[in-house]
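These numbers come from a predicted model, not from an experiment.
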Amino acid sequence: MKVIDIIFALISGRIIGFLLGDFLREWGIDIGVYWTLVIWFLLPLVSLLCLYIAFIVGRRLPFIFQGAKFVLVGAVATVFDLKIFEFLLWIPFTFLSLGTISVKSLSFIISTFLKYWGNKYWAFQKHEKEDLYKEIIQFFLITFIGLIIDVAFFYYFTKITGPQFGLPSAVWVKLSVILAGITAALWNFLGYKFFVFKK
């Protein structure tokens, strides 16, 4: 493993820990300072350990290490997607008349820029610059289909099924963002690996 792998794994774990703490607060669970520190320090180490295991397994099956890095990039992008979504809902967009579906689409597009950089240069390590425009078009085509999948599942979870398991509506919306992101991520990984960033 390279130093950049270690650094990004630790940062990713910390960002995921931030989201977990946010969820616990939304659910009204007061974990106190001790458990907050455990989450802040434990999740980066768990992230690093999982990436190291994927690195070891990836010696025989290279797509495993790529997949683990893709998951970390996706997890970080999903957190950014969620926080951008919440921020855009918080901003008074009344003059634009944007609903939650439009705001979700916008947050997905913004977080896609982070995914492009992370996947191109870190997960799939494609540093060549030839056919850059073709690659960008392919990336955004795959991502656009991922956007349709993401928004469709978000719509399904929030508008058709609605809150489940007795969860508050605000928590269900956050979970819907994450579940929609995971569904789109599977499509994106296959598209990026075999279509956009193939070597």
Side-chain angles (χ1 to χ4, degrees), residues 8-9 11-32 35-47 49-51 54 67-91 93 98-116 118-119 123 142-192:
F8 195 76
I11 291 171
S12 299
R14 179 60 201 101
I15 291 171
I16 294 165
F18 174 74
L19 180 66
L20 179 60
D22 196 30
F23 267 118
L24 293 174
R25 279 188 299 280
E26 290 268 336
W27 285 333
I29 300 172
D30 182 21
I31 57 174
W35 284 106
T36 299
L37 290 174
V38 167
I39 289 172
W40 282 40
F41 290 108
L42 184 62
L43 283 178
L45 295 175
V46 168
S47 176
L49 177 64
C50 290
L51 189 64
K69 291 193 285 186
F70 172 84
V71 166
L72 286 179
V73 169
V76 169
T78 300
V79 172
F80 275 84
D81 187 358
L82 177 61
K83 291 304 170 185
I84 291 166
F85 173 76
E86 290 176 339
F87 177 72
L88 292 176
L89 282 180
W90 177 75
I91 292 176
F93 268 122
L98 291 177
T100 56
I101 298 299
S102 298
V103 170
K104 176 64 182 93
S105 301
L106 188 57
S107 71
F108 180 85
I109 290 168
I110 293 169
S111 69
T112 297
F113 287 103
L114 174 65
K115 285 193 268 190
Y116 175 76
N119 283 307
I142 294 295
T143 304
F144 179 71
I145 295 169
L147 168 65
I148 293 169
I149 293 168
D150 186 274
V151 172
F153 274 85
F154 176 75
Y155 180 83
Y156 174 78
F157 291 133
T158 58
K159 302 295 183 188
I160 296 175
T161 63
Q164 300 290 315
F165 315 113
L167 293 173
S169 181
V171 172
W172 184 254
V173 168
K174 283 187 178 187
L175 283 175
S176 297
V177 170
I178 292 168
L179 292 172
I182 290 170
T183 307
L186 179 59
W187 160 262
N188 288 341
F189 177 75
L190 296 173
Y192 298 161

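- Closest heavy-atom contact between Phe154 and Val173: CE1-O, 4.0 Å.
- Between the Trp187 side chain and the Asp150 main chain, no donor and acceptor come within less than 3.5 Å of each other.
- Taking OG1 of Thr183 as the start and CD1 of Ile178 as the end, the distance is 12.0 Å to the nearest 0.5 Å.
- The minimum heavy-atom distance linking Asp81 with Ser107 is given by the pair OD1-OG, 2.5 Å.
- Scanning both residues, Ser169 and Pro163, for their nearest heavy atoms gives CA-CG, 4.1 Å.
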Exercise. Would you sort out whether Thr143 and Tyr192 count as a side chain to side chain donor-acceptor pair (under 3.5 Å), showing the intermediate values?
Key: CA-CA 9 Å; Thr143 304; Tyr192 298 161; 2.8 Å; yes

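- You'll find the side chain of Thr78 stays beyond 4.5 Å of the side chain of Leu82, heavy atoms only.
- For the pair Ser47 (side chain) and Ala9 (backbone), a donor-acceptor distance under 3.5 Å is present.
- Between atom OG of residue Ser176 and atom OH of residue Tyr156 there is a gap of 11.0 Å, rounded to the nearest 0.5 Å.
- Ile84 CD1 to Ile109 CD1: the interatomic distance, rounded to the nearest 0.5 Å, is 11.0 Å.
- The CD1 atom of Ile16 sits 6.0 Å away from atom CG of Leu72, with the distance rounded to the nearest 0.5 Å.
- Side-chain contact between Lys115 and Thr112 is present, with heavy atoms from C-beta onward closer than 4.5 Å.
- Looking only at side-chain heavy atoms (C-beta outward), Leu51 and Phe8 stay at 4.5 Å or farther from each other.
- Taking the six-membered ring where the residue is Trp, Phe157 and Phe153 present tilted rings, their angle falling between 30° and 60°.
- In terms of heavy-atom proximity, Val151 sits nearest to Ser105 at CG2-OG, 3.6 Å.
- Of the inter-residue distances, the one linking Trp172 atom CH2 with Leu179 atom CG reads 6.5 Å to the nearest 0.5 angstrom.
- Every side chain to side chain contact (heavy atoms under 4.5 Å, CB included) that Ile11 has, sequence neighbours left out, goes to Ile7, Ile15.
- Taking NZ of Lys104 as the reference point, atom CG of Leu147 lies at 7.5 Å (rounded to 0.5 Å).
- Taking all atoms of both residues into account, the shortest heavy-atom contact from Gly13 to Leu43 is O-CB, 3.5 Å.
- Side-chain contact between Phe41 and Leu45 is absent, with no heavy atoms from C-beta onward closer than 4.5 Å.
- Contact record, Ala184 with Gly146: CB-O, 3.4 Å, taken as the closest heavy-atom pair.
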